[in-house]
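The block underneath contains the structure these notes are about, expressed in structure tokens.
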Amino acid sequence: MTETHHSSDIAARKPQSSPAAFVEKAPLERYVPPAKPSLVGLSRAALAEALGGIGVPPAQRKMRVQQIWHWLYVRGVQDFDAMTSVSKELRALLDQHFTLARPEVVAEQISADGTRKWLLRLPGEHAGENPHEIECVYIPEAGRGTLCLSSQVGCTLTCSFCHTGTQRLVRNLTAAEIAAQVVVARDRLGDWPGETPPPGAFVPSDGGRLVSNVVFMGMGEPLYNLDNVAAGIGVLADNEGLSLSRRRITVSTSGVVPQMARLGAEANTMLAVSLHAVRDDLRNELVPLNRKYPIRDLLDACRAYPGLSNARRVTFEYVMLKGVNDSDAEARELVRLLKGIPAKINLIPFNPWPGAPYECSPWERIERFSEIVFRAGYASPVRTPRGRDILAACGQLKSETEKLSARARLMAEAEGAGAPSSAE
Ligand code: SAH
Ligand code: SF4
């Protein structure tokens, strides 16, 4: 990953010239709601319950869950017949009642830089309802591959610079839908044992997995769906399954203060906070949730987040809005506010969308701001946006997901486990 604190090379931030690959979006008419439920994404408890429902005796359930768990999350099988350690009878019974279906990939875009974006179709909440769509983005970098997950379809909050904020909440994702995003990504990347990644995919030299980190920076406010987010993270972090270390999972919140301690206690992931302003009057405007939970309370909740240290910092996200929050004085105030909190600061170039009331700060301004933050001892990477070519074409996908280019940048910026910081 290239850090560009001191770079003035704007050209480097332009999209690469080689064309991106597109897969056309499948028409909605073809959508057939699933007849049988899928086991993919289920937690151990939900899986045990599903087995109970088809008559697997209680004494056998734990062992059966253990077997199926391995095939679901270590091997990524798509067919019950491949579960060779499971008896033929049980395989047939499973097949009769369940599927191993993933959320349907209805469009895929592959950037010249290896970033991949998938539009996923999820069943509606109620019978006869149209399916819902979310996006999931994969960003490969030297040493890691980060997947950006959605936690809700839409968002109840109304941050003024965020396109999702202009849409109403459609629904919370289930825990299984949250975990299944990782399964789909690993399918598409050939990231299961014995599979070959597609040409051009970055393959870690240590033989590690292509999806090494997860960030909840897609659609929705994760802390307003914390039960499902925490349960989904339980599936991702299970060390006999998908095995993503909690230190490589980052949950981003706009500042739902009363849920932050619970996130720490129940999910114990890395924390990212969308700060974006250093004064309450401005933050009230940008992140209206600030009226309920002002900056002071938010920072207190950050200080109280369990397990913070120099090796385990809170990431503060700060979107750069031209003439709004990008002055030198604000950079200095930012540094002052965060004093005493083990922190990383990620400056995010604003990603404009049609009708957006803001512009992105000029590159020189972002650099100057970054310089002040950097001099104060914080790594303040403004990283080369990834996947610009495909993300610029978001309009070809569902309009609700147009803002994914911002997400992609964020993912590139989110630090994962053990990532060294230069803020010492
Ligand atoms: N709801 C959570 C997580 C999803 S939003 C949150 O707000 O933190 C993930 C990040 O994208 C947040 O930091 C959000 O402020 C940022 N973001 C939203 N719209 C953006 C835009 N148009 N340009 C740049 N960043 C944006
Ligand atoms: Fe929701 Fe986050 Fe967008 Fe705010 S920035 S509207 S909390 S998704």
Side-chain angles (χ1 to χ4, degrees), residues 134-137 139 146-170 172-173 178 181 214-226 229 249-257 259-260 263 269-277 282-293 298 301-302 314-322 324-326 344-361 366 382-383 385-386 388 391-392 394 399-415:
I134 52 163
E135 281 196 359
C136 185
V137 182
I139 297 202
T146 304
L147 193 67
C148 177
L149 306 186
S150 293
S151 57
Q152 300 181 308
V153 184
C155 188
T156 51
L157 299 174
T158 53
C159 303
S160 55
F161 56 89
C162 171
H163 192 241
T164 304
T166 65
Q167 300 144 26
R168 67 185 186 92
L169 175 75
V170 179
N172 282 331
L173 297 194
I178 289 166
Q181 293 173 64
V214 161
V215 295
F216 284 82
M217 294 182 183
M219 275 178 137
E221 170 48 57
L223 297 198
Y224 277 150
N225 186 20
L226 186 51
V229 166
I249 300 176
T250 301
V251 174
S252 174
T253 180
S254 57
V256 187
V257 166
Q259 300 294 330
M260 285 168 61
L263 175 73
T269 59
M270 305 297 282
L271 173 69
V273 169
S274 298
L275 191 61
H276 305 319
L282 180 59
R283 195 164 188 272
N284 285 346
E285 207 181 286
L286 301 180
V287 184
L289 186 64
N290 194 71
R291 290 165 208 239
K292 224 166 158 184
Y293 310 118
L298 178 57
C302 291
V314 180
T315 299
F316 288 93
E317 297 153 272
Y318 196 97
V319 64
M320 299 299 295
L321 302 171
K322 183 177 176 181
V324 173
N325 65 353
D326 61 354
K344 287 183 278 203
I345 299 169
N346 278 340
L347 303 180
I348 312 161
F350 171 63
N351 178 50
W353 37 273
Y358 305 104
E359 285 175 76
C360 183
S361 307
I366 299 179
V382 184
R383 290 182 173 128
R386 303 291 306 273
R388 269 245 167 128
L391 295 158
C394 271
S399 62
E400 275 94 307
T401 53
E402 271 168 14
K403 65 173 287 191
L404 256 289
S405 46
R407 301 291 190 271
R409 288 192 194 109
L410 281 163
M411 283 188 290
E413 285 148 12
E415 297 280 345

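Keep in mind that what you see is a predicted model, and the values were worked out from it rather than measured. Just the heavy atoms: all of them, side chains too, but no hydrogens, waters or symmetry mates, feed the values below. Ligands are counted one by one from 1 in listed order, and the atoms in each one are counted from 1 as well.
Residue contact check: Gly220 has heavy atoms under 4.0 Å from atoms 1 (N), 2 (C), 3 (C), 4 (C) of ligand 1. Ligand 1 places these atoms under 4.0 Å from at least one heavy atom of Ser254: 6 (C), 7 (O), 8 (O). Near Thr253, meaning under 4.0 Å from one of its heavy atoms, ligand 1 places the atoms 6 (C), 8 (O). Numbered from 1 in the order shown, with element, the atoms of ligand 1 that lie under 4.0 Å from a heavy atom of Glu317 read 10 (C), 12 (C), 13 (O). When each atom of ligand 2 is checked for a heavy atom of Ser254 under 4.0 Å away, the hits are 7 (S). Listed by number with element, the atoms of ligand 1 under 4.0 Å from a non-hydrogen atom of Cys162 are 18 (C), 19 (N). Counting the atoms of ligand 2 from 1 in the order shown, those under 4.0 Å from a heavy atom of Leu157 are 6 (S), 7 (S). Atoms of ligand 2 lying under 4.0 Å from at least one heavy atom of Cys155, given by number and element, are 1 (Fe), 6 (S), 7 (S), 8 (S).
The proximity of Trp353 to ligand 1, defined as any non-hydrogen pair under 4.0 Å, is limited to the side chain. When heavy-atom distances to ligand 2 are checked against a 4.0 Å cut-off, Cys159 comes that close through both its backbone and its side chain. Of all the heavy atoms of Val319, the ones lying under 4.0 Å from any atom of ligand 1 belong exclusively to the side chain.
Summarising the contacts of atom 5 (S) of ligand 2 with Cys162, Pro288, Ser274, the nearest heavy atom is found in Cys162. The option from Ala356, Pro352, Ser252, Gly218 that lies nearest to atom 4 (C) of ligand 1, judged by heavy atoms, is Gly218.
Side-chain atoms of Gln152 and Asn225 form no donor-acceptor pair, as typed in the model, at a separation below 3.5 Å. A donor and an acceptor atom, one from each side chain of Gln181 and Ser150, are nowhere located under 3.5 Å apart. Side chain to side chain, Thr156 and Glu221 fail the donor-acceptor criterion of an N or O pair below 3.5 Å.
Counting only heavy atoms from C-beta outward, the side chains of Met270 and Thr315 never approach each other to under 4.5 Å. Between Glu317 and Ser252, the closest side-chain pair of non-hydrogen atoms falls below 4.5 Å. The shortest distance between side-chain heavy atoms of Thr166 and Trp353 falls below 4.5 Å. Side chains of Leu173 and Ile134 form a contact here, defined as non-hydrogen atoms less than 4.5 Å apart.
Between Tyr358 and Phe350, the two ring planes are perpendicular [angle over 60°; tilted spans 30° to 60°].
Of the polar atoms of Phe350, none of the N or O atoms is found under 3.5 Å from an N or O of ligand 1, judged by distance alone. Polar contact with ligand 1: absent for His163 (N/O pair, distance under 3.5 Å).
In summary, the aromatic rings of His276 and Phe316 are positioned with their centroids too far apart to meet the 6.0 Å limit.
Nearest heavy atoms, Ala277 versus Tyr318: N-CE1, 3.7 Å.
Distances from ligand 1 to the non-hydrogen atoms of His276 include at least one value under 4.0 Å.
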